[in-house]
Amino acid sequence: MIRSAGLLVPLFSCPSTTSWGIGDIGDIAPLARWLAGAGIRVLQLLPINEMAPGEHSPYSAISAMAIDPIYIRVPAIPEFVALGGEAGLSDDGRALIEQARRSRRVEYAAVRQLKYAALRASFDRFHAAEWTPDTDRARAFRAFAADQAWWLDDYSVFRAVHAREGERAWQHWPDALRARDPDALDRARIDLAHEVRFYQYLQWIAMTQWREARRDARGIRLYGDLAFMVDGDSADVWARQVEFSLDVTVGAPPDAFSATGQDWGMPLYRWDEIERSGFEWPRARARRTADLYDGYRVDHLVGFYRTYGNPKDGRSPFFTPSDEASQIALGERMLGIFREPGSEIIAEDLGIVPDFVRESLARLGVPGFRVLRWERRWHEPGQPFRDPLDYPALSVATSGTHDTDPMMVWWDQAAPDEREQLGGLATIQRLLNGEALVHVPPDRVRDVLLEALYASTSDLVLVPIQDVFGWLDRINVPATVNDHNWTYRLPWPVDRFDDEPEARERQQRLREWAERYGRLV
């Protein structure tokens, strides 16, 4: 891994002046321009997989493969332009778009309603003007559908039936479709051919825009986030029912986030059946993720070594596989599969993680995370903080994740002895020139902590954008479901960052640190 710096910015958080109330694929280019000016090499995104109906968590996906159409830049679709673009919408439609743009948070229901109406109209135009006369554009779409059939066929049939069934979970579909009877599937493909084509069209538009965004990213490497699981009501689980235990849900054991553990409500992997298939589905996920990104974070890495299951019948939770040797073998097999397409991967190894997992990561050369507030010498008296200059090179230094309090919230709430211990680290003392960290203003605390991460020996520094600015907004609170999780938006449109003095100052400061600490690629 090249010594470099990156920023974590959820795509939904960074709308521009022209997007419809949520960051979309077209907003990657202006964000990349600002990042390039800041000496940033990596843009870390959260998952962009299609979310389950009514959900707005990127970790609750109806497909492990499909891009959520909510991220399509509607004004860039040729068919929408041919219909007159935004000017061709009704007064009420334009008013709703402006309302979505002015909102301080992402209004998922409104944005999805707006976009789907426009996407449906665009598809109808495509079908009449391109598909029926079989134009070059129709043939390009057909070629995409054929090339991506290995995941797109099951997904598009699933979405078409799901819509026809009033978005009921597949477990409540008619028996033959629920069981994937071949004759029932063939009838569905015929009866719902137009709808199947609609969902394929959305993925074609999304992938076309995604490829353009990657070309326009000014050398910024796009990193994705491979979610540990998909929703039980997903195209993947429906297509591979034998590979999941629907009577057990996955989660995490008790930890700092939850004293009682977490239950995510998603079905448990049946690792024996997945192995029997030759790990076909994990390989498909790795292939698809490599098509989208330059690299990616493996979410909940420990779960691929040992998965925590919560039986629905009240039996005690358990790990699968159950013994350490099998857990090591499974985890290392999965990491090997994720790397097969040539992707760079980093491992989210936070929470309750056995020592053998981190030893395995080191043996395989996979970087894990070093979170400043948690990186301590836990077995020494007083559990002192670890100096960033002592982090292993093969690691990702960070101030926090999408699940944690922003850095300055943590600092404000930290105990006095924690503040003093952190301020006593040699790297921080050097940056302060003898001042006490507890006595300097908050903006200075922010910059000292950030610069200490840039100075660290970790090859990659990866910082949430809130922490760069010292903002107090949180993306998500684990083990909670509410209207604020996953709705955070940046305070300015992403294409106006160059007009904001604070953004220009932060950009210059990040570039200075990148130059000073050898992270300018």
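Throughout, numbering of the chain's residues begins at 1 and tracks the sequence. Being a predicted model, the structure only gives us computed values, none of them experimental.
The neighbour count for N482 CG, taken as heavy atoms of other residues, nucleotides or ligands under 6.0 Å away, is above 12.
Atom CG in L432 sits 7.0 Å away from atom CD1 in I428 (nearest 0.5 Å). Separation of atoms CG (L222) and CD1 (I48) is listed at 9.0 Å; rounding is to 0.5 Å. Taken from CD in Q200 to CZ in F144, the straight-line distance is 8.5 Å, to the nearest 0.5 Å. If you take CD on Q44 and OH on Y293, they are separated by 9.0 Å, rounding to the nearest 0.5 Å. If you take SG on C14 and CG on D495, they are separated by 10.5 Å, rounding to the nearest 0.5 Å. Atom CD1 of I346 sits about 4.0 Å away from atom CZ of F369, to the nearest 0.5 Å.
Side-chain contact check for Q148 and W151: at least one donor-acceptor pair (N or O, by modelled atom type) lies under 3.5 Å. D498 and W34 form no side-chain donor-acceptor contact under 3.5 Å, judged by distance and modelled atom types alone. With no hydrogens or angles considered, no side-chain donor-acceptor pair links N49 and S63 at under 3.5 Å. Counting only N and O atoms by type, the side chains of H56 and N485 include no donor and acceptor under 3.5 Å apart. Side-chain contact of E50 with Y155: a donor-acceptor pair under 3.5 Å is present, judged by distance alone.
A side-chain donor-acceptor contact under 3.5 Å links R474 to the backbone of D403. Not a single donor-acceptor pair under 3.5 Å links the side chain of T289 to the backbone N or O of A286. One N or O on the side chain of D387 and one on the backbone of T427 form a donor-acceptor pair closer than 3.5 Å. A donor-acceptor pair is defined here as one N or O able to donate and one able to accept, closer than 3.5 Å; no such pair exists between the side chain of S343 and the backbone of I345. Between the side chain of T457 and the backbone N or O of Y391 there is at least one donor-acceptor pair closer than 3.5 Å. Listed for the S156 side chain is a donor-acceptor partner under 3.5 Å among the backbone atoms of L152. Between the side chain of R519 and the main chain of S4, a donor-acceptor pair closer than 3.5 Å is present. Formation of a donor-acceptor pair under 3.5 Å by the T398 side chain with backbone atoms of L462 is found in this model. Of the possible polar contacts, one joining the D467 side chain to the M407 backbone as a donor-acceptor pair under 3.5 Å is found.
Taking each heavy atom of V250 and P267 in turn, the nearest pair found is CG1-O, 3.7 Å. Listed here is the closest heavy atom pair of P388 and A452: CB-O, 3.5 Å. Closest approach of A5 and I40 over heavy atoms only: O-CG2, 3.6 Å. For Y71 against G23, the heavy-atom pair with the smallest separation is CD2-O, 3.3 Å. Residues S458 and R3 approach most closely at O-NH1, 3.2 Å, considering heavy atoms. Nearest approach of E502 to W471, heavy atoms of both residues: OE2-NE1, 3.8 Å.
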| query | Could you go step by step and tell me if E344 and R221 meet the salt bridge (charged side-chain N to carboxylate O under 4.0 Å, His left out) rule? | reply | CA-CA 10 Å; E344 293 180 8; R221 297 179 65 78; 3.3 Å; yes
| field | Q429/E435 under side-chain contact (heavy atoms from CB on, under 4.5 Å): CA gap, chis, key distance, verdict | value | CA-CA 7 Å; Q429 282 289 296; E435 291 183 85; over 6 Å; no
| task | Could you please spell out the steps behind the side-chain contact (heavy atoms from CB on, under 4.5 Å) verdict for L350 and V371? | result | CA-CA 9 Å; L350 306 174; V371 182; 3.9 Å; yes
| query | Should S456 and L389 be marked as a side-chain contact (heavy atoms from CB on, under 4.5 Å) after you check the CA-CA gap, both sets of side-chain angles, and the distance that decides it? | reply | CA-CA 5 Å; S456 75; L389 287 179; 5.8 Å; no
| request: Could you walk me through whether R509 and R504 pass the side-chain contact (heavy atoms from CB on, under 4.5 Å) test, one step at a time? | output: CA-CA 9 Å; R509 185 58 59 90; R504 292 198 304 271; over 6 Å; no
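When side chains are defined from C-beta on, L335 counts as touching Y305, because their heavy atoms get closer than 4.5 Å. The shortest side-chain heavy-atom distance between S60 and M51 does not fall under the 4.5 Å cut-off. The side-chain heavy atoms of L8 and H402, taken from C-beta on, include a pair separated by under 4.5 Å. The shortest side-chain heavy-atom distance between P10 and I475 falls under the 4.5 Å cut-off. Under the 4.5 Å side-chain criterion, counting only non-hydrogen atoms from C-beta, D225 is not in contact with L45. Side-chain contact between I72 and I77: present, with at least one pair of heavy atoms (C-beta onward) separated by less than 4.5 Å. Side-chain contact check for D499 versus R496: some heavy-atom pair is nearer than 4.5 Å. For the pair E348 and T401, the minimum side-chain heavy-atom distance is 4.5 Å or more.
Salt bridge status for R506 with D447: present, with a side-chain N to carboxylate O gap under 4.0 Å. R516 and E451 are joined by a salt bridge, as a carboxylate oxygen and a charged side-chain nitrogen come within less than 4.0 angstrom of each other. A salt bridge links D68 with R112: the distance from a Lys NZ or Arg NE/NH1/NH2 to an Asp or Glu carboxylate oxygen falls below 4.0 Å.
Using cut-offs of 30° and 60° on the angle between ring planes, the pair Y201 and F126 is tilted. Between F12 and W486, the ring-plane angle classifies as perpendicular under the 30° and 60° cut-offs.
Within the structure, salt bridge (Lys or Arg N to Asp or Glu O under 4.0 Å) contacts touching residues 18-34 (residues at least two apart or in different chains) are D24-R73, D27-R73. Among residues at least two apart or in separate chains, side-chain hydrogen bond (donor to acceptor under 3.5 Å, both in side chains) pairs with a member in residues 113-126 are R120-E195. Residue pairs that meet the salt bridge (Lys or Arg N to Asp or Glu O under 4.0 Å) test with at least one member in residues 92-104, sequence neighbours left out, are E86-R101, D91-R94, E98-R101.
Centroid-to-centroid, the aromatic rings of F198 and F123 come within less than 6.0 Å.
By the ring pair (Phe, Tyr, Trp, His ring centres under 6.0 Å) test, F228 pairs with Y269, H300, F304, sequence neighbours left out. Qualifying salt bridge (charged side-chain N to carboxylate O under 4.0 Å, His left out) partners for D294, counting only residues two or more places apart in sequence or in other chains: R214.
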Ignoring hydrogens and angles, write down the donor-acceptor pairs under 3.5 Å from the side chains of residues 436-446, residues two or more places apart or on other chains.
{"unit_1": "R444", "atom_1": "NH2", "unit_2": "L431", "atom_2": "O", "d": "2.9"}
{"unit_1": "R446", "atom_1": "NH1", "unit_2": "F469", "atom_2": "O", "d": "3.1"}

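Relative to the six-membered ring of W411, R419 meets both conditions, a distance below 6.0 Å and an angle of at most 45° to the axis. For R511 and W513, the positive end is not near the middle of the six-membered ring at less than 6.0 Å and at most 45° from its axis. Taking the ring centre of F385 as origin, the terminal cationic atom of R376 falls inside the region bounded by 6.0 Å and 45° from the ring axis.
A ring pair (Phe, Tyr, Trp, His ring centres under 6.0 Å) with W204 holds for exactly one of W210, Y199, F141; it is F141.
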